[in-house]
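In what follows, chains are A, B, ... by sequence order, proteins preceding strands, each numbered from 1.
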2 protein chains.
Amino acid sequence: MLQGLKFEILKSNFEENLDKSSFKSPVDYVKETAKQKTIEVASILADKQAPIDLVIGADTVVTHNNVIFEKPRDKTHACEMLKQFSGSIHTVWTAVVLITPINSTVFKGDRLCAEDERFYITEFQESTDVMMTKLTPEIIKSYVDTGETLDKAGGYGIQAIGGSLIEGIKGDYFNVMGFPLHKFCLDNLYTKLVNKLFIESVD
Amino acid sequence: MLQGLKFEILKSNFEENLDKSSFKSPVDYVKETAKQKTIEVASILADKQAPIDLVIGADTVVTHNNVIFEKPRDKTHACEMLKQFSGSIHTVWTAVVLITPINSTVFKGDRLCAEDERFYITEFQESTDVMMTKLTPEIIKSYVDTGETLDKAGGYGIQAIGGSLIEGIKGDYFNVMGFPLHKFCLDNLYTKLVNKLFIESVD
């Protein structure tokens, strides 16, 4: 996924409990959650004086008829979500936040991070429409019983058995998996990396 | 990919050198190649009296401005293909052929296979539009030098580094990888398997 970069995965402790009704649109909500998650991780690293090249954070939500769906609470909730998505189009939104130290020689950030002035911040978002096939109650139950639904926004994994339930998508597939690869690489990794590590590493 | 089925991969010896100009459309060409590949494998198994439940064969081509593209001959050819696809939409076509013995108790085939009457045959096709981003000569060279292009129709792998070059798709992502998962599962695996192995296996 990260195209040759060496990386470490750190879980954010941000609670992800922002009040959805206080945002004008689903995209504003997912942007703010992604920003808070990423700043939290970057701040902890900076407090520990850990060397940071680039902190990449993301959050994904699904919208259907203007309602935001995140990870299902349990199997019953997952079945309810999938029943709603059955035979219709939903949209997957991912917001990505990139944070670098202000003195970075690796990555050209977009602007100073107002919440923590030790950092530059770069933000972008992507959305993809997903057409889910018409599901019978039998297929929903069988699928949820595979156990792959609970840790995924929208209650399915397009990259696994859930892929069989998807008639088609319009947009970036990797955004549905939770990370918009094309925008990350073309608009950021290939252009804002000061030393163009990727281009050199494969040459 | 094959959703819990136990399978073995067998390479077809069919030469894949049908005369493209003798077919009315690219889809007719890819259907015939897939059929010949699959019948060849099934016939060899039947000649050896190997037990067959289901033989699944597929072939994938790319079309761009009505020209058929298959695997590139070499790196130079891969660069030429990608230069043509740059900044435009191409279409990925996959034809799938399913073959079962006429006395199968596993899978309900669609019709008798005229070329080898020991078998029933089921055929279907899928197409997906792919928008490739505008590529610089530097990116094309770097990408082809990763070595992931030569064994892939169209000269790129959407499931690997090539995914970063794809702005978006319209249709089934797995069809671009070379196998239309949704149509295989929903129209065939979930409906024509006599004992519904998948549904039972995950319950």
- Heavy atoms only, distances under 4.5 angstrom: which of A:E126, A:E167, A:M131, A:K170 has the most pairs with chain B? Name it, please.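 The candidate making the most pairs under 4.5 Å is A:E167.
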
- Could you have a look at A:P180, A:G168, A:G171 and say which one has the most heavy-atom pairs with chain B under 4.5 angstrom?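 Max contact count across the listed options: A:G171.
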
- Query: Any side-chain donor-acceptor pair under 3.5 Å between A:E32 and A:Q36?
  - Reply: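 Distance-only check passes for A:E32 and A:Q36.
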
- Would a 4.5 Å heavy-atom cut-off, applied to side chains only, mark B:Y29 and B:I68 as touching?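 B:Y29 vs B:I68: side chains touch.
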
- Aromatic ring proximity, centroids under 6.0 angstrom, B:Y120 and B:F107: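 No, too far apart.
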
- Message: Given heavy-atom pairs under 4.5 angstrom as the criterion, report whether the side chain, backbone, both or neither of A:I166 touches chain B.
- Response: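 Contact with chain B is through the backbone of A:I166 alone.
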
- Message: Can you tell me which residue among A:N175, A:T63, A:D59, A:T60 is in a side-chain hydrogen bond (donor to acceptor under 3.5 Å, both in side chains) with A:W93?
- Response: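 For A:W93, the side-chain hydrogen bond (donor to acceptor under 3.5 Å, both in side chains) test succeeds with only one of A:N175, A:T63, A:D59, A:T60, which is A:T63.
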
